[in-house]
Amino acid sequence: MNSEFANRMANLNGTATREIFKLLSRPEIISFAGGLPATEALPVKDVRSIAADVLGRADSYKILQYGTTEGYAPLTERSKEYVAEFGVKAQDNSQMLVISGGQQGIDLMCKSFLNAGDCVLVEDPTYLAALQIFNSYEAAAVGVKANSDGLDITDLEQKIKKHKPKFIYLVPTFSNPTGKTYTAQNRREIARVTAKYGVPVLEDDPYARLRFSGEKVNALKSFDLDDNVVYITSFSKILSPGLRVGIAVGNRDIIRKMAICKQGTDLHTSLLAQAIVAEYLARGLLEPAVKASLPLYKERKDAMMRGIERYMPQEFNHTSPDGGLFVWGEFEGCDINAAELLAEAVKRNVAYIQGSVFYADGGGKNTIRLNYSNASAEKIDEGMNALGNFFKEIISKEK
Ligand SMILES: Cc1ncc(COP(=O)(O)O)c(C=O)c1O
């Protein structure tokens, strides 16, 4: 081969962690490293019968044809009601775009806005794969300080002035990685400050429906003052990640640009997948299925909390989310490098993700993210026992 790869590939090397993760499929390993919805919550039977019905219709050939980039009309219609439950209003279809999962929404926003060298502001820490996408567009992610209410508004305003970001990327509800949710007041403040400076916000909201305790909070988009918030949500965590269907709602001009970019990426989201999701919504199956899955998520989250109390060192300061899939913790005051220790933990048959990969600047060396959705309560207890003993040994050696 004579050609060289694009310069931007220089920023996208595989990490050592990737090699370790290959080991996680071994059955003896209890992995808290993933981010999958509970296998038990995937509605196999309903999707099987809906797929048969959708393909059994007289005009089913339309589903196997090309479709429009903007999306399958019955899904767009149903999605208006769906997003309205969190206060997100779309007056007409020009404000909506069907996307192939939230991941594609992030990519299309980047493709529409970013030149090499541009800045995106993020909460520190934030969703790892979003940081990787920013990297692939040769943009710099800059972290904004956060507190238990959400973003630090003073820091947000200072960083907007200093870095002149192209947009701000946020996961305000049950964040990946922290599990944290911004208060309504914090969302209002973010909407006010970003409107003042005319900065677009990308609100990534895949987890809001996975709430098993606490009060519902409307989307940041519902506080939008200047039509500068683009809202993306996804059916991955509440129906099926394999279907690859999500929705973007926002300013018409931005949605139009994202649609043009999507043409180059995949022409449109699979029509069969869109038709299945539309029918699933039309039959009213989503709400009862999500409701039925919540006790399972709560049981697993509670098992993880009990495991932390029982086994983890007291220096482990952690979140206790009301929903979503993740707990985040920091070994306070400890000189621990979670990345370096991961291989050793995997030898003890337990895995986590080192928190540093979620930081824009690679900080947070003594932090970890734990996922509780994909193991039984018994396995969570066993895994936390192993993890707790492991970190207690490390900390006692350090002292
Ligand atoms: C915050 C966040 N955004 C986006 C995604 C991507 O999800 P999908 O593309 O399946 O909707 C994930 C998946 O883990 C996520 O945690």
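Start at 1 and go down the list; that is how both ligands and their atoms are numbered. For clarity, every value in this text was computed on a predicted model and none was experimentally measured.
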Subject >> Salt-bridge criterion met for Lys301 and Asp322 (N-O under 4.0 Å) >> reply: no
Original post:
Can we say Lys221 and Asp227 salt-bridge, meaning some charged N sits less than 4.0 Å from an Asp/Glu carboxylate O?
Top reply: yes
**OP:** Decide, yes or no, whether a salt bridge links Arg57 with Glu279 under the criterion of side-chain N to carboxylate O below 4.0 Å.
**Re:** yes
**OP:** If you have a sec, work out which protein heavy atom is nearest atom 10 (O) of ligand 1 and how many Å separate them, to one decimal?
**Re:** Ser236 OG, 2.6 Å
Subject >> Nearest non-hydrogen protein atom, atom 16 (O) of ligand 1 >> reply: Tyr207 OH, 2.5 Å
**OP:** May I ask you to establish whether Lys216 and Phe86 are in a cation-pi arrangement, using a distance under 6.0 Å from NZ or CZ to the six-membered ring centre and at most 45° from the ring axis?
**Re:** yes
Subject >> For atom 1 (C) of ligand 1, the protein heavy atom that lies nearest, with its residue and separation >> reply: Asp204 OD2, 3.3 Å
Original post:
Are any of the N or O atoms of Gly101 closer than 3.5 Å to those of ligand 1?
Top reply: no
Original post:
Within 45° of the axis and under 6.0 Å from the centre of the six-membered ring of Tyr82, does NZ or CZ of Arg209 qualify?
Top reply: yes
Original post:
What residue and heavy atom of the protein are closest to atom 14 (O) of ligand 1, and at what distance?
Top reply: Lys237 NZ, 2.9 Å
Original post:
Within the structure, does Ser234 bring an N/O atom to less than 3.5 angstrom of an N/O atom in ligand 1?
Top reply: yes
Original post:
Tell me, which protein residue and heavy-atom name are nearest atom 5 (C) of ligand 1, and how many Å apart are they?
Top reply: Tyr127 OH, 3.2 Å
Original post:
Got a salt bridge between Arg283 and Asp53, using NZ or NE/NH1/NH2 to carboxylate O under 4.0 Å?
Top reply: yes
**OP:** With heavy atoms of Gln103 as the reference, note each atom of ligand 1 found under 4.0 Å away.
**Re:** 6 (C), 8 (P), 9 (O)
